[in-house]
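Below is a structure I'd like to ask you about.
Counting begins at 1 with the first residue of the sequence.
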Amino acid sequence: MALSPRVPDLGSLELLLAVSRTGSLGAAGRELGLTQQAVSARVRTVEKLVGVPVLHRTARGSTLTDAGALMVHWAVPVLAAAEELDSAIGALRGERDAHLDVAASFTVAEYLLPGWLVRLRARAPGVAVGLVVRNSDDVVRRVLAGQSRLGFVEGPEVPPGLSAATVAVDELVLVVPPGHPWTRRRGPVPAAEVAGTPLVTREPGSGTRATLEDALRAAAPDTPLAAPALELAVTTAIRQAVLAGAGPAALSDLAVSDDVAAGRLVRVPIAGPVLRRELRAVWASGPVPAGPARDLLAVATGADRSADQSPDRPPDAGRARKVRR
């Protein structure tokens with residue numbers, strides 16, 4: 001049932017209780033942090049709503065009328081219930097702010113997120129993070145469904161319904177095992193040849209695969225993409241398949257830089273496409289989420305290290321970092 005317009009607001013009821021305790025409008029105003037004008041305005045509003053005077057004003061102070069005393073008597077349990085509700089809401093917010101559900105694509109989860117979580121723990125030691133690792137399409141679905149408050153994706157575009165901030169710029173590199181014919185090329189491999197070669201790739205829905213295929217289609221529009229030699233969901237499995245001779249692969253530089261440095265894999269340049277992509281944090285459209293989601297986003301963008309970053313500003317999406325090793 002909707003309340004009638006005669007019911008005063010909680011602030012006005014608090015004022016009546018303060019006047020009852022202090023015996024003075026001025027003292028009640030000081031207790032509640034209100035000016036004399038604000039106090040008088042609230043009293044007039046209450047009297048207009050209930051239709052009868054609630055205070056006697058004299059030179060020696062203010063006292064409640066009989067109607068005012070009844071109002072105070074009735075207001076006490078109402079304010080007690082409001083305080084209980086306020087405490088319960090605070091507990092809910094505390095529970096929410098003590099846990100953060102995150103979904104991340106494989107590259108971000110394996111190579112970037114561990115360091116971010118260490119810094120988040122130093123910044124907010126009481127936060128427990130629940131992490132789900134999926135491909136970028138699945139991360140987007142979880143964030144849109146409200147299953148994860150914050151997601152990290154590798155896809156070339158920001159899907160509808162999401163807001164985003166760039167957290168890093170990554171580069172895909174084409175790698176083959178030592179002895180592969182492409183390692184003997186004097187120049188880059190043409191994009192059309194790469195497009196027509198069966199590659200070891202991630203599964204559909206992967207941001208890595210989408211970035212590669214979009215770049216090859218743009219660089220070699222007349223060459224149909226060859227069917228994959230293998231589709232694997234884990235970067236480590238793709239690296240092992242390349243080492244075993246299953247075919248070339250385009251992987252994040254983060255994932256293969258150690259293998260390239262050790263000579264286990266050889267990086268092969270491609271003529272034409274630049275395989276760079278933005279790694280992004282995504283959340284449901286609107287302002288940056290509050291609490292630990294904002295804290296993790298600040299860590300991921302580096303805003304937590306900026307002395308001039310206001311806590312009320314979203315992290316600066318323009319401060320993306322290139323993640324090359």
Side-chain angles (χ1 to χ4, degrees), residues 104-117 133-136 139 152-157 164-180 182-183 185 187-191 193-195 197 199-203 205-219 228-244 246-281 299-302 317-325:
S105 63
F106 287 87
T107 299
V108 175
E110 291 181 48
Y111 301 101
L112 297 174
L113 199 54
W116 295 343
L117 293 180
V133 182
R134 298 286 190 272
N135 67 35
S136 292
V139 170
F152 294 94
V153 297
E154 309 165 21
E157 297 180 354
T166 299
V167 297
V169 178
D170 186 27
E171 182 175 358
L172 299 183
V173 296
L174 184 66
V175 291
V176 296
H180 188 279
W182 285 352
T183 65
R185 293 285 185 90
V189 179
E193 185 174 347
V194 177
T197 300
L199 304 176
V200 183
T201 70
R202 288 284 307 278
E203 78 288 357
S206 159
T208 297
R209 179 165 173 171
T211 298
L212 173 65
E213 291 182 347
D214 287 353
L216 291 177
R217 288 191 185 101
L230 283 175
E231 289 183 351
L232 300 171
V234 181
T235 300
T236 302
I238 294 176
R239 288 168 49 232
Q240 292 300 319
V242 174
L243 288 168
L251 293 170
S252 167
D253 182 60
L254 289 167
V256 298
S257 59
D258 289 343
D259 289 312
V260 171
R264 292 185 293 269
L265 292 173
V266 179
R267 177 175 175 172
V268 178
I270 306 175
V274 177
L275 301 179
R276 290 193 180 92
R277 57 176 178 181
E278 293 184 352
L279 306 181
R280 298 183 179 93
V299 167
T301 59
R319 203 178 7 249
R321 293 159 292 171
K322 187 174 181 182
V323 286
R324 292 285 307 277
R325 292 193 299 179

Original post:
Between OG of S136 and CZ of R280, what distance do you get to the nearest 0.5 Å?
Top reply: 10.0 Å

Subject >> Beyond-backbone contact of L251 with I238, side-chain heavy atoms, under 4.5 angstrom >> reply: yes

Original post:
Do you know which two heavy atoms are closest between A195 and L216, and how far apart they sit?
Top reply: CA-CD1, 4.1 Å

Original post:
Within a reach of under 6.0 Å around CD of E203, are more than 12 heavy atoms found that belong to other residues, nucleotides or ligands?
Top reply: yes

Original post:
Between atom CD of E157 and atom CD of E278, what is the distance when rounded to the nearest 0.5 Å?
Top reply: 11.5 Å

Subject >> Distance in Å, L174 CG paired with L212 CG, rounded so as to fall on 0.5 Å steps >> reply: 8.0 Å

Subject >> Beyond-backbone contact of R134 with S105, side-chain heavy atoms, under 4.5 angstrom >> reply: no

**OP:** Using the side-chain contact (heavy atoms from CB on, under 4.5 Å) rule, pick out the option among T166, V167, V153, V169 that qualifies with L279.
**Re:** V167

**OP:** Output the distance between atom CZ (R264) and atom CG (D258), rounded to the nearest 0.5 Å.
**Re:** 7.0 Å

Original post:
Judged by modelled atom types alone, do D170 and S252 share a side-chain donor-acceptor pair under 3.5 Å?
Top reply: yes

**OP:** Could you grab the distance from atom CG of L275 to atom CD1 of I270, nearest 0.5 Å is fine?
**Re:** 4.5 Å

Original post:
So do the side chains of L254 and L112 get within less than 4.5 Å of each other, counting heavy atoms only?
Top reply: yes

Original post:
When rounded to the nearest 0.5 angstrom, what is the spacing between OG1 in T183 and CG in L265?
Top reply: 12.0 Å

**OP:** Provide the closest heavy-atom pair for A271 versus P188 in the form atom of the first, atom of the second, distance.
**Re:** N-CB, 3.5 Å

**OP:** State, with a plain yes or no, whether a side-chain heavy atom of W116 is found less than 4.5 Å away from one of F152.
**Re:** yes

Subject >> Close side-chain approach of D253 to R267, heavy-atom, < 4.5 Å >> reply: yes

Original post:
For V256 and R239, what are the C-alpha separation, side-chain angles and deciding distance, and is it a side-chain contact (heavy atoms from CB on, under 4.5 Å)?
Top reply: CA-CA 8 Å; V256 298; R239 288 168 49 232; 4.2 Å; yes

Original post:
P228 versus L199: any side-chain heavy-atom pair under 4.5 Å?
Top reply: no

**OP:** Step by step, work out the side-chain contact (heavy atoms from CB on, under 4.5 Å) result for V266 and V175.
**Re:** CA-CA 5 Å; V266 179; V175 291; over 6 Å; no

Subject >> side chain to side chain donor-acceptor pair (under 3.5 Å) against T208, all qualifying residues, sequence neighbours excluded >> reply: E154, R277

Subject >> Basic-acidic side-chain contact under 4.0 Å: R185, E193 >> reply: yes

